[in-house]
Amino acid sequence: MTPRVAGGIGDRLLDRALATAVERAGAPGRIRFTELQLYYEMCRVVRPLHAVPRRLPLTPAPPVRYERFEEALRRYGAVPGLLASGPEPDPAQVREPSEPSEPDLYDYGLPRLLVCQSRRVARMLLANDVHLEAACPVFAADDLPLDPRLVTGLGRVDGATVHVLHDASVEGIALTARVRDAVPGVRVASMGLVPRHATALHLISPRGPAPGPGPLTLPAALEPRERDWLAEGRFAEVESVPPARLLRTVLRLVRGPRTPSHSVWTGLRELRTAGFMTLSSVAYAPRGLLPPPCDPRHQTPLPDPA
């Protein structure tokens with residue numbers, strides 16, 4: 001289903017909005033970003049929401065069709081910081097993991113690991129050195145099941161955690177249970193997104209087809225309004241979070257320790273059935289959601305993860 005969008009936006013206005021979005025998506029420094037992240041940044045330029053009170057739950061529809069964005073992108077030319085896009089690999093054809101150059105690599109304990117629903121998001125985090133700064137391997141959901149030696153390494157560390165980064169969607173929320181089945185005996189924690197994140201952060205939310213008939217299989221701790229939001233076919237992608245904010249949040253939650261701040265990222269009560277983090281309960285994110293930007297050192301993209 002094509003989301004409803006505003007009409008009457010001329011090419012010249014879109015070109016100016018895209019130029020502004022390119023600057024914002026890469027700031028501060030040389031952040032690498034995906035094409036979809038740039039699209040959402042352009043949507044925020046066309047329809048700014050900074051004047052809307054944070055306590056007002058809002059997930060606006062995209063103001064620009066993706067096809068119009070692609071046209072503007074072709075007119076723009078080369079975009080600094082934009083990661084090359086390509087077809088998603090066939091999970092059945094993903095090659096077997098090669099032996100590491102250090103033969104004893106798998107003999108060490110592994111305290112943390114991150115699984116992303118989207119391979120594009122995983123590539124973006126790797127390109128911005130999140131795996132190095134957080135000392136945390138980053139994988140995509142289609143890399144499951146994990147190499148058994150990685151699971152064994154997680155089991156060697158008390159309190160080892162597999163973090164899951166997913167969209168606010170029926171499929172995304174179900175990913176945590178899927179990861180838990182892939183790493184038995186290891187703690188699995190979701191860092192979002194859930195609908196509460198999307199409404200509090202005013203994320204752009206397209207509308208897809210509503211789920212099929214029958215009750216939705218969702219965590220019991222989701223609020224009724226979140227269930228209604230999902231039942232309408234609404235969803236919010238991780239890539240709709242501004243790139244700099246996404247990097248800061250992932251680094252903060254993965255590295256720890258978790259600091260007590262009143263936000264939807266660190267203020268949700270434990271969603272036990274889905275593996276969400278154990279945190280105090282708040283409804284919406286106040287200003288100052290995240291700490292100041294970390295010093296950017298993102299210059300060279302990394303190859304696609306194996």
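Count residues from 1 along the sequence. Since this is a predicted model, take the numbers as computed values, not measurements.
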Can [X] and [Y] be counted as having a side-chain donor-acceptor contact under 3.5 angstrom?
{"X": "H166", "Y": "S190", "value": "yes"}
{"X": "E237", "Y": "Y40", "value": "yes"}
{"X": "T161", "Y": "R112", "value": "no"}
{"X": "Y66", "Y": "E35", "value": "yes"}
{"X": "R120", "Y": "T34", "value": "no"}
{"X": "T199", "Y": "W229", "value": "no"}

Scanning both residues in full, the closest heavy-atom pair of A72 with D15 reads CB-OD1, 3.8 Å
When you compare the side chain of [Y] with that of [X], does any pair of heavy atoms fall below 4.5 Å?
{"X": "L150", "Y": "F139", "value": "yes"}
{"X": "F69", "Y": "L18", "value": "yes"}
{"X": "L253", "Y": "H163", "value": "no"}
{"X": "V170", "Y": "F235", "value": "no"}
{"X": "L110", "Y": "P137", "value": "yes"}

[atom1]/[X] to [atom2]/[Y] distance, rounded to the nearest 0.5 angstrom?
{"X": "L83", "Y": "L36", "atom1": "CG", "atom2": "CG", "result": "12.0 Å"}
{"X": "R180", "Y": "L175", "atom1": "CZ", "atom2": "CG", "result": "11.0 Å"}
{"X": "L125", "Y": "R32", "atom1": "CG", "atom2": "CZ", "result": "13.0 Å"}

Report, as yes or no, whether the 6.0 Å neighbourhood of atom CZ on R16 holds more than 12 heavy atoms from other residues, nucleotides or ligands.
-> no
E70 atom CD, neighbour heavy-atom count above 12 within 6.0 Å | yes
